[in-house]
Every structure is written in structure tokens, then in C-alpha cells.
Asks: 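Next up is a structure, given as C-alpha cells.
All values derive from a computational prediction rather than experimental measurement.
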Protein chains: 2
Amino acid sequence: MGLVVQKYGGSSVADAEGIKRVAKRIVEAKKNGNQVVVVVSAMGDTTDELIDLAEQVSPMPAGREFDMLLTAGERISMALLAMAIKNLGHEAQSFTGSQAGVITDSVHNKARIIDVTPGRIRTALDEGNIAIVAGFQGVSADKKDITTLGRGGSDTTAVALAAALDAEVCEIYTDVDGVFTADPRVVKKARKIDWISFEDMLELAASGSKVLLHRCVEYARRYNIPIHVRSSFSGLQGTWVSSEPIGDKKVEQAIISGVAHDTSEAKITVVGVPDKPGEAASIFRAIADAQINIDMVVQNVSAAATGLTDISFTLPKSEGRKAIDALEKSRGGIGFDSLRYDDQIGKISLVGAGMKTNPGVTAAFFEALSDAGVNIELISTSEIRISVVTRKDDVPEAVRAVHSAFGLDSDTDEAVVYGGTGR
Amino acid sequence: MGLVVQKYGGSSVADAEGIKRVAKRIVEAKKNGNQVVVVVSAMGDTTDELIDLAEQVSPMPAGREFDMLLTAGERISMALLAMAIKNLGHEAQSFTGSQAGVITDSVHNKARIIDVTPGRIRTALDEGNIAIVAGFQGVSADKKDITTLGRGGSDTTAVALAAALDAEVCEIYTDVDGVFTADPRVVKKARKIDWISFEDMLELAASGSKVLLHRCVEYARRYNIPIHVRSSFSGLQGTWVSSEPIGDKKVEQAIISGVAHDTSEAKITVVGVPDKPGEAASIFRAIADAQINIDMVVQNVSAAATGLTDISFTLPKSEGRKAIDALEKSRGGIGFDSLRYDDQIGKISLVGAGMKTNPGVTAAFFEALSDAGVNIELISTSEIRISVVTRKDDVPEAVRAVHSAFGLDSDTDEAVVYGGTGR
């Protein structure tokens with residue numbers, strides 16, 4: 001008998017009907033002879049409504065209390081889901097993150113899982129129950145306070161439980177049919193990917209693909225847990241993410257896995273930096289001290305006459321204000337002329353393990369952009385990814401051009417099935 | 001420095017404004033030099049909304065999951081309340097029933113508290129925090145499952161914590177000004193009671209007064225915890241419930257504490273029961289085996305000619321169907337002619353320790369009813385209470401007549417302040 005972990009997002013359990021539909025799917029997995037552990041997110045807009053309430057009583061809600069508040073959302077969905085399953089004649093028990101043994105550090109609102117001790121889950125399974133576990137939450141190791149894992153936390157909960165329980169697969173149910181070669185809202189001819197390696201999926205996630213978050217894929221790769229991303233509405237096979245293709249049918253690794261884009265970043269240019277050792281270090285120390293994660297970094301060639309250079313980097317727009325403040329405060333120590341802030345940029349990334357052995361990929365990528373009349377502002381590469389920054393308005397056209405140039409377009413016009421209300 | 005436990009009901013924290021108002025009141029108590037523990041119910045209609053959701057997914061929600069669901073309500077209100085207090089510049093931490101050490105038996109939906117181990121609360125208080133505790137919930141001793149305490153459970157949580165922490169007082173904040181000599185919706189001239197003994201309060205609660213539940217008063221009496229019932233809207237002194245009057249001013253014990261009424265019961269008459277030993281026992285064994293609580297019992301004198309008698313008893317209307325079924329099933333063993341079910345009855349009770357030493361009370365009670373033209377169907381008495389059953393339609397007039405006959409009417413016409421939306 002196999003053990004399957006399934007995760008259902010908020011759009012899949014948005015209302016009583018959704019919960020009943022999901023309950024049927026869970027019972028099917030059980031009937032197929034599996035032990036089933038289900039990780040569930042809060043219903044639909046519950047989390048947003050709770051955040052709204054918090055803002056009404058306090059402009060800066062304390063982390064500990066904010067986590068206590070938000071975890072009510074999963075408590076509701078998991079109890080309802082267990083009831084719905086029992087109503088179908090199968091045994092089910094729901095467990096909070098704490099009860100399920102999800103142990104985290106103490107960083108409220110974005111805690112990290114440091115251990116999983118699923119003793120109660122194991123017992124519940126052995127007694128014939130389907131175990132329903134609250135996603136997104138845990139309990140801190142030191143203070144025994146309730147914590148939340150931050151964005152995409154339920155996916156991470158599912159993968160972490162799958163690893164701790166040695167599950168055969170972690171199925172991530174969502175409102176799209178899987179991972180696509182590009183965002184289907186931008187590229188109508190985007191194709192569903194049948195299988196993708198952990199490495200390519202990590203690069204896609206880091207480059208703006210939103211189906212799976214980087215953190216969840218990283219966890220799955222570390223413990224070698226195959227992920228199956230699929231729709232809770234259609235029942236079709238989705239996308240397998242694993243180290244090697246699963247099952248009988250051999251899936252050939254594509255040269256290019258997909259095209260990702262991201263318009264959530266801004267670019268800061270530090271103008272007139274003295275071109276001498278230690279300057280870049282000072283800049284990024286100031287940024288790091290302000291707890292800001294940056295993405296791409298580019299330094300232009302110094303203009304010999306002035307001995308000054310410009311350094312540009314990208315970062316989430318939401319961190320823009322903080323970064324500018326941090327740099328202004330360190331202006332005396334660093335010594336630069338001015339700061340330029342630009343939030344009208346977009347990033348387009350081409351991801352694929354085939355790049356390593358196909359030297360023409362980079363050239364073909366730039367040619368496709370050039371043919372589409374898209375100007376490149378920054379370039380950054382990894383072994384299996386090339387990313388460029390362009391004007392934000394150019395992104396849709398650029399993504400379509402690259403997708404087509406690399407032969408990723410499907411034959412049909414509309415490949416995606418949207419069943420939900422968006423993630 | 002004193003320790004005060006305060007309890008706020010759902011109508012007091014119905015929305016963000018209510019939560020902020022309650023936060024201010026809590027901070028005042030803290031500023032007055034007290035250590036403060038707050039027990040809070042779910043916001044306004046939250047519990048009803050959760051019950052509604054449960055009914056949508058399952059006609060018979062399982063007890064364990066139902067408790068898991070309902071406890072989300074207090075989780076929301078307590079976290080928001082802690083945030084609101086912190087926003088006023090005071091330290092606060094919220095705790096679930098489990099975290100607060102409220103240990104119960106395993107009877108889901110109506111668990112009983114069997115121990116309170118408030119170590120975390122004590123620590124939080126000693127570190128200068130206001131401790132906010134979820135009412136109505138605990139954790140089962142054996143299975144470590146989440147339980148709820150049933151109706152009025154938050155009041156019981158507050159009294160139990162007050163006892164475990166050796167609090168000076170347990171303040172129950174509600175949407176009325178205190179306990180009244182009769183239901184102010186029925187008797188306009190009802191007076192707020194300044195002080196009432198545990199014993200009289202127990203009889204009032206058992207007789208239909210809804211401000212405090214029997215179970216909570218019983219707990220307070222056992223541990224001798226003074227309760228102060230008061231409005232969270234008006235800030236006035238409310239009603240003290242304790243073994244002896246509190247403070248400097250001597251309050252004279254009234255002969256009569258108040259008039260309670262109850263229209264939630266029905267009457268079942270078992271007609272034509274053989275008048276021989278063991279018959280009554282068979283009837284009430286059948287009822288007890290069906291887990292039904294009954295209230296008053298009356299057996300009429302046997303008509304000598306027939307050797308048959310009638311036995312009547314009252315019980316909650318909600319249990320009526322179950323009781324009739326249980327009796328019909330035992331009909332062969334018991335041997336009776338027929339069953340009569342009557343849900344158009346009401347009960348009026350006069351409560352007061354003074355009855356013990358004032359033999360005229362019973363006579364005056366019956367005279368008042370007679371003068372008002374109210375027919376008495378059943379009578380039952382305890383040492384400090386007389387109850388009668390009448391037609392349901394006669395109840396309001398009967399309550400007013402008795403209230404007035406015993407000199408309980410106030411001089412003003414409208415004594416009550418209603419601030420909330422109902423309990």
C-alpha cells in the first residue's frame with residue numbers, strides 16, 4: 001500500500017461545494033489502496049479577510065498574534081474537509097500544524113520548517129484514517145508558539161510531510177492543469193509540461209513562474225520527493241517534477257523547459273560610484289543589513305576619464321523604498337552621485353538543462369528578442385538559464401516571440417483549463 | 001497587586017470597533033495595578049456561520065471535527081484583541097485553551113473541565129503581559145484532541161482560570177447591566193440586583209435566567225470565586241455573585257432574589273399507569289437510558305376505582321421527540337394507556353433564601369397568580385425556590401404579577417441598558 005500526500009489550495013476549497021468535490025477526490029485516492037495525507041489551505045479569501053480585520057484593529061499587528069489569527073483559516077477548512085470525507089463514509093481526522101509535528105524556527109510570518117515529527121499522523125493512518133493537515137503553519141521549537149510559513153507555505157508543508165512520511169508522491173492540486181512552457185495568460189499556445197527536472201523547475205520558480213514556489217521545490221529536491229502538480233477541477237494528468245522521469249513511459253528531456261517572466265521587480269541604479277575595490281561590497285552590505293533580497297546585479301564598464309562607474313541591481317518592488325532609504329543612509333560611506341529607481345521593468349527568462357550542451361541557445365534567444373524589437377537592458381545567466389531585463393511593456397510580446405522561436409508553441413490555440421478563481 | 005479575570009462575550013467583540021473598545025477597558029484594569037487575564041468568545045455571529053458551513057458539508061458533523069472547526073472562532077477574536085491591546089502600548093499574548101492548560105474530558109461538543117494547569121499564563125503575566133485566553137475550548141486529557149465546552153462555555157473557562165490562578169474576582173462582561181429581579185424584556189420595572197448569593201443565583205439559572213449558566217455558577221461556588229456580572233458597554237457596577245457580600249458596604253440579603261421564567265420546556269403526561277411499585281422507576285429508567293434530562297415530575301393521586309394513575313414531567317422541548325420515542329419503545333414493559341405531549345407550557349419560579357424563614361411566601365405566590373387569573377398546572381419546590389407550570393401565554397402576566405406582589409418593582413420604568421445585539 002502506497003502513501004500519498006495531496007495538497008489543495010484555497011481556490012479548490014473556496015466554498016462548501018468545493019470542499020465536497022475535493023472530498024470525493026480524496027476518497028478516490030483512498031479507494032485506490034493508498035494511505036492518504038491531505039494538506040489544505042484556508043478557504044478562498046479567508047486569509048485576506050483576516051488580514052483586513054487585523055489592519056482594522058492595529059496598523060502594525062504583532063507577528064505572534066498575526067500568526068495566531070491567520071492559522072484560524074486552515075483550521076476551518078481542514079475541519080470541514082474532514083467532516084465532508086466522513087460524510088462519504090470514510091474515516092478522517094484533522095490536525096493542526098502543531099499536532100502534525102511541523103516544528104519551525106521562531107520567525108513569525110515566515111518561519112522555516114526545521115523538523116517534522118508526524119507521530120500522530122502515522123497513528124491516524126495506521127488506524128485507517130485519512131489525515132487532514134493544516135497547511136502553512138507550525139509550532140516554534142523553543143517557545144511552542146504558533147507560526148506561519150509565509151507565502152506558498154502550504155506547498156512546503158505538503159512536501160515536508162511527504163518527506164517525513166516517506167511518501168511515494170506529493171500531489172499539489174491547484175486551479176491550473178500543471179506547469180506550462182509559459183504563462184498561458186500571456187502565451188495562448190503555451191503547452192503543459194509532462195515532466196520537468198527539479199533543477200529546471202527551480203530556475204522557472206526563481207524566474208517568475210508562480211505554480212510552485214522555489215522553497216517547496218528545493219525541499220522536494222533535497223529529499224527526492226516527486227511532485228505531481230495537477231488541477232483539482234479537471235482530473236487530468238498534470239506535470240511531474242522529479243529527479244528522473246517517473247513510470248514506464250520515457251519522457252525525453254527537452255532542451256528548453258520554458259519561458260518565465262516576472263514584472264514584480266524594480267531596478268535601482270547607483271550612479272557615479274568610484275571605480276575602486278570595496279565599493280560594490282559597501283553597497284550590497286548596506287542592502288543586506290536592511291534584510292533585502294536582491295536578484296540580478298550588473299556593473300557597467302568604468303568610463304576611464306572619470307574613474308566612476310554605475311552599478312544596477314533588481315529587487316522586489318515591495319522592497320524598493322527600504323533599499324533607497326538604506327543606500328541614502330550609507331551615502332557618506334559609499335560615496336556615489338545619485339540613485340535612480342525604475343519600476344517599469346520586466347524580466348524574461350529562458351530555462352532548460354539543454355543549454356549546457358547547446359551553445360546556440362543564447363544567440364537564438366537574443367535574436368528572437370531583436371526580431372521582436374525588444375531592447376535588452378540587463379543580462380544575467382546561470383548554467384541552465386538566461387534572463388534579460390526589458391521595458392515592462394515589452395514583456396508579453398517578448399515572451400511570445402521567445403516561446404515561438406524555441407518551438408514551444410502547441411498546435412492548439414488554448415491549452416489551459418482554468419477552473420478556479422485564480423491563485 | 002491583584003489578579004483579575006475578565007470575560008467578554010461575542011456581542012462585546014462583534015466587530016473591530018467592539019474589539020478596540022474592549023481593549024481600552026482591559027488596559028484600564030491593567031493600569032489600575034492588576035494582573036489581567038481575559039477570556040474571550042468568538043466574534044458576534046462567527047460561531048453560527050461556522051455551524052452553517054458545517055451543515056453544508058455534512059448533515060451530522062463528527063464531534064471531534066466540529067470542535068476543531070468551532071474553536072477557530074475564538075482564535076480569531078483573541079488574536080485580534082491581543083493586537084488591539086498591543087496597539088495601545090501594552091504587552092499582550094493570546095493563548096488557545098490548550099496552551100492555557102484547560103484540560104477536559106473527551107466528550108466533544110460538551111466537554112467538562114477536569115483540570116487547569118495555567119503555567120504559560122502565569123509566566124506571561126509575570127513577564128508583564130496581559131494574557132488573552134480563548135473561551136469555550138480545551139484539550140482532552142487522553143487523546144490531546146481539541147474539545148469545546150458547550151453552551152456558556154466561555155463563562156466556565158473564565159471561572160475555572162480564576163480559580164486556578166487564585167484571582168480576586170471573575171468579571172463577566174456582557175450586553176446587560178447585570179442580573180435582574182426578572183427578565184427586563186418582560187418586566188419593565190425589573191431591578192438590577194447588587195449582590196446575590198451563589199445559592200440563589202444557582203436557582204435562578206436553573207429556573208430560566210440566562211445571564212449566567214448553572215454550570216459556571218456551580219464552579220464559582222465550589223472554588224469560592226466572586227463573580228461580577230456587568231456591561232461592557234456602560235461601565236456601571238453590575239451584580240456581584242459570591243458567598244458573602246463583598247467590600248465595605250453591607251448589602252442586606254433580600255427575602256426574594258427574583259422571579260425567573262422559562263418557556264423552553266414541554267410537558268409529557270403518561271396516562272393510565274398501573275398504580276403499583278416500580279412503574280415510575282420503569283418510566284424514568286427508559287428516559288434516562290435515552291440520555292434525556294428531565295426537570296419537574298408530578299404524579300397525581302390514583303383513582304381508586306381504576307387502579308391507574310397519571311405521571312407528568314417536564315423536559316427541554318428539543319428532547320421531546322426522543323423522549324416520546326423512548327417511552328413508546330418501552331410501552332410493553334411499562335404498561336400505560338397513552339402519552340400526551342404539550343409544548344404550550346411555561347414555568348415561573350420565585351427564588352430567595354428568605355423563603356426558608358418566611359412561611360408566608362408560598363401562599364403569597366399562589367395568591368398573586370390567582371389574582372392575575374393564572375391557572376397552576378404543576379408545582380415543585382426546593383428549600384429556596386417555588387416553581388409552577390402554567391399555560392405559556394400566561395407567563396408574561398404571571399411574572400409581572402409575582403414581581404409586583406413581592407415588592408420587587410423599581411421606581412423607574414426602564415431599568416435596563418441594552419448596548420449589544422443580543423447574546
Asks: List the residues meeting side chain to side chain contact (heavy atoms under 4.5 Å, CB included) with A/Ala84, not counting sequence neighbours, and say none if there are none.
Replies: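 Here the qualifying residues are A/Ile19, A/Ala23, B/Val57.
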Asks: So for A/Met43, is it side chain, backbone, both, or neither that comes closer than 4.5 Å to the heavy atoms of chain B?
Replies: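 When you check distances to chain B, only side chain atoms of A/Met43 fall under 4.5 Å.
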Asks: So between chain B and chain A, what donor-acceptor pairs come in under 3.5 Å?
Replies:
{"unit_1": "B/Lys20", "atom_1": "NZ", "unit_2": "A/Gln56", "atom_2": "O", "d": "3.1"}
{"unit_1": "B/Gln56", "atom_1": "O", "unit_2": "A/Lys20", "atom_2": "NZ", "d": "3.1"}
{"unit_1": "B/Arg64", "atom_1": "NH1", "unit_2": "A/Ser94", "atom_2": "O", "d": "2.8"}
{"unit_1": "B/Arg64", "atom_1": "NH2", "unit_2": "A/Ser94", "atom_2": "O", "d": "3.0"}
{"unit_1": "B/Glu65", "atom_1": "OE1", "unit_2": "A/Ser94", "atom_2": "N", "d": "3.4"}
{"unit_1": "B/Glu65", "atom_1": "OE1", "unit_2": "A/Ser94", "atom_2": "OG", "d": "2.4"}
{"unit_1": "B/Glu65", "atom_1": "OE2", "unit_2": "A/Ser94", "atom_2": "N", "d": "3.0"}
{"unit_1": "B/Met68", "atom_1": "O", "unit_2": "A/Arg75", "atom_2": "NE", "d": "3.4"}
{"unit_1": "B/Thr71", "atom_1": "OG1", "unit_2": "A/Arg75", "atom_2": "NE", "d": "2.9"}
{"unit_1": "B/Thr71", "atom_1": "OG1", "unit_2": "A/Arg75", "atom_2": "NH2", "d": "3.3"}
{"unit_1": "B/Arg75", "atom_1": "NE", "unit_2": "A/Met68", "atom_2": "O", "d": "3.4"}
{"unit_1": "B/Arg75", "atom_1": "NE", "unit_2": "A/Thr71", "atom_2": "OG1", "d": "2.9"}
{"unit_1": "B/Arg75", "atom_1": "NH2", "unit_2": "A/Thr71", "atom_2": "OG1", "d": "3.3"}
{"unit_1": "B/Ser94", "atom_1": "N", "unit_2": "A/Glu65", "atom_2": "OE1", "d": "3.4"}
{"unit_1": "B/Ser94", "atom_1": "N", "unit_2": "A/Glu65", "atom_2": "OE2", "d": "3.1"}
{"unit_1": "B/Ser94", "atom_1": "O", "unit_2": "A/Arg64", "atom_2": "NH1", "d": "2.8"}
{"unit_1": "B/Ser94", "atom_1": "O", "unit_2": "A/Arg64", "atom_2": "NH2", "d": "3.0"}
{"unit_1": "B/Ser94", "atom_1": "OG", "unit_2": "A/Glu65", "atom_2": "OE1", "d": "2.4"}
{"unit_1": "B/Arg120", "atom_1": "NH1", "unit_2": "A/Lys144", "atom_2": "O", "d": "3.1"}
{"unit_1": "B/Arg120", "atom_1": "NH2", "unit_2": "A/Lys143", "atom_2": "O", "d": "3.3"}
{"unit_1": "B/Arg120", "atom_1": "NH2", "unit_2": "A/Asp145", "atom_2": "OD1", "d": "2.8"}
{"unit_1": "B/Lys143", "atom_1": "O", "unit_2": "A/Arg120", "atom_2": "NH2", "d": "3.3"}
{"unit_1": "B/Lys144", "atom_1": "O", "unit_2": "A/Arg120", "atom_2": "NH1", "d": "3.1"}
{"unit_1": "B/Asp145", "atom_1": "OD1", "unit_2": "A/Arg120", "atom_2": "NH2", "d": "2.8"}

Asks: May I ask you to name which of A/Leu88, A/Leu81, A/Leu50, A/Ile76 has the most heavy-atom pairs under 4.5 Å with chain B?
Replies: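 The option with the most such pairs is A/Ile76.
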